[in-house]
Number of protein chains: 2
Amino acid sequence: MNPHAYLVDDDDAIRDSLGWLLESRGVPCLSYPSAEDFLAAWDPSLPGCILLDIRMDGMSGPELFDLLCERGSTLPVIFLTGHGDVPMAVSALKQGAFDFVEKPCNDNELVNRVIEALQLDEHQRLAAADSDSVNSLTSRLTTREKQVMERVLAGTLNKVIADELQISMRTVEVHRANLFEKMGVRTAVELAQLLAGKR
Amino acid sequence: MNPHAYLVDDDDAIRDSLGWLLESRGVPCLSYPSAEDFLAAWDPSLPGCILLDIRMDGMSGPELFDLLCERGSTLPVIFLTGHGDVPMAVSALKQGAFDFVEKPCNDNELVNRVIEALQLDEHQRLAAADSDSVNSLTSRLTTREKQVMERVLAGTLNKVIADELQISMRTVEVHRANLFEKMGVRTAVELAQLLAGKR
DNA sequence: ACGAATATTGTGGAAATCCGTGATGCGAAG
DNA sequence: CTTCGCATCACGGATTTCCACAATATTCGT
């Protein structure tokens with residue numbers, strides 16, 4: 001699925017007008033009349049951002065936001081509200097909301113925020129993909145190989161590693177070579193660099 | 001100087017009452033009747049946090065905040081305001097303010113926020129000190145040693161480094177040993193780890 | 001029970017690193 | 001001018017890593 005702006009608002013008119021505005025600026029949209037509807041459609045892999053009304057029938061915007069955070073969502077959330085107060089805005093932003101906008105608002109401003117949010121999400125997903133690729137590499141290592149890797153990363157000499165693991169130096173060398181192979185590196189330093197950035 | 005809460009507000013009564021409140025909870029305070037006064041007293045090494053009024057004669061709270069940020073301040077800022085609006089709060093928080101509180105506010109809440117801000121500042125300063133200590137180590141390296149270190153961190157073999165720098169392998173070994181000594185590490189991996197976390 | 005993956009060890013040699021000792025040239029500071 | 005830090009290099013031995021070839025044991029899933 002391509003990145004979308006997910007509009008969650010129980011006001012038909014708002015969904016229509018915002019949807020039209022965003023689509024006209026080249027931002028694909030999907031609309032949901034309630035938090036529950038969005039939640040049912042949501043899955044962590046959905047890319048994009050959320051435009052979320054505060055006050056809605058059923059689950060409120062902040063409640064949905066909390067729930068999504070708990071479930072591991074990293075979607076940037078732009079809160080929209082007609083009657084927001086300062087504490088509400090402060091609390092939303094401190095919890096990690098991307099923005100908090102009062103309706104009615106300037107169209108250009110809002111579109112820009114949405115585009116910023118989409119870019120943020122893309123960056124986050126790229127970064128996550130990187131760290132995933134590293135994790136998937138390490139997950140392919142056998143237990144022994146992981147143990148050896150730990151110690152290699154600690155700068156321990158093969159000889160000492162052999163002692164610690166109660167195996168021969170030769171075996172350590174084998175594990176070492178195998179894990180380097182699996183991790184796609186040629187030296188211990190490269191391995192350290194690889195795991196340094198993405199962790 | 002020990003960490004302090006710096007109260008910047010042009011209302012004498014507020015400064016007095018907040019100052020008393022915080023001192024009574026064990027938080028040392030210093031008061032300033034204007035943004036200009038605080039700015040004159042400020043220096044980047046001052047630890048603590050700022051309680052900053054929005055509307056003041058002369059320079060406003062947000063103006064002071066911007067100025068401090070430009071000058072490299074990392075002090076957590078808690079904005080205080082009697083007549084704040086949502087856009088103002090949103091903009092302050094998105095620019096990195098620690099909190100945004102409306103007066104009058106709950107005393108316990110405020111004290112807690114101040115304490116959180118002080119803790120944040122302490123963590124930031126500890127982290128900065130770590131990275132400073134690393135920087136001061138690297139700054140003691142000679143030009144050649146830095147060149148060699150770069151390549152060592154890239155996982156390059158001494159032989160190749162010697163080629164690249166147009167010097168003998170022996171000299172590379174010397175530089176390598178010297179820089180390890182200066183950086184306080186015993187292996188290339190340790191060096192990579194050292195520069196990985198603090199950078 | 002059979003086969004695949006994993007863990008283990010050995011031999012032996014090539015390549016690389018580590019390190020002590022000693023030495024030369026050069027530029028900057030005293 | 002002399003001293004000091006830096007960069008440069010050599011010899012030679014100890015240590016370590018790297019690697020190809022070869023083999024046995026253990027575990028685990030079908």
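- Note on ring orientation: taking the six-membered ring where Trp is involved, the planes of A:Tyr32 and A:Phe38 are perpendicular (angle over 60°, cut-offs 30° and 60°).
- Among the atoms of the strands shown, only primed sugar atoms or phosphate atoms (P, OP1, OP2) are found under 4.0 Å from some heavy atom of A:Ser168.
- Comment: A:Glu173 does not engage A:Arg176 in a salt bridge, judged by the lack of any side-chain N to carboxylate O separation of less than 4.0 angstrom.
- A:Glu150 has no carboxylate O lying under 4.0 Å from a charged side-chain N of A:Lys146, or vice versa, which leaves the two without a salt bridge.
- Axis deviation across the helix from C:dA1-D:dT30 to C:dG30-D:dC1 amounts to 50°, comparing end segments of five pairs, rounded to 10 degrees.
- Salt bridge annotation for B:Asp9-B:Arg15: absent, with no cationic side-chain nitrogen under 4.0 angstrom from a carboxylate oxygen.
- For A:Lys159, there are no side-chain hydrogen bond (donor to acceptor under 3.5 Å, both in side chains) partners at least two apart in sequence or on another chain.
- A donor-acceptor contact shorter than 3.5 Å links the side chain of B:Ser17 to the backbone of B:Ala13.
- With the nearest nucleotide of DNA chain C identified for both A:Gln166 and A:Lys182, A:Lys182 has the one nearer the 5' end.
- Counting any heavy atom pair closer than 4.0 Å across all strands shown, B:Thr142 reaches sugar-phosphate atoms only and no base atom.
- Aromatic rings of B:Phe98 and B:Phe79 (six-membered ring for Trp) have centroids beyond the 6.0 Å cut-off, not under it.
- First and last contacting nucleotides of DNA chain D toward chain A (any atom under 4.0 angstrom from a heavy atom, 5' to 3' order): D:dT16 to D:dC21.
- Taking a 4.5 Å side-chain heavy-atom cut-off between Ile, Leu, Val, Met, Phe, Trp and Tyr, the cluster of A:Met169 contains only that residue.
- Sorted pairs that involve residues 174-197 of chain B and meet ring pair (Phe, Tyr, Trp, His ring centres under 6.0 Å), not counting sequence neighbours, are lacking altogether.
- Protein chain A contacts DNA chain C over a range whose 5' and 3' limits, counting nucleotides with an atom under 4.0 angstrom from a non-hydrogen atom, are C:dT6 to C:dT11.
- Comparing B:Met169 and A:Val174 by the nucleotide of DNA chain D whose heavy atom lies nearest to each, the residue mapping closer to the 5' end is B:Met169.
- A salt bridge does not link A:Arg25 with A:Asp107: none of the charged nitrogens is closer than 4.0 Å to a carboxylate oxygen.
- The nearest heavy atom of DNA chain C to A:Arg144 and to A:Glu173 marks one nucleotide each, and the one closer to the 5' end goes with A:Arg144.
- For the pair B:Lys94 and A:Phe100, the cation does not sit on the ring face, since its NZ or CZ is not both under 6.0 Å from the ring centre and inside 45° of the axis.
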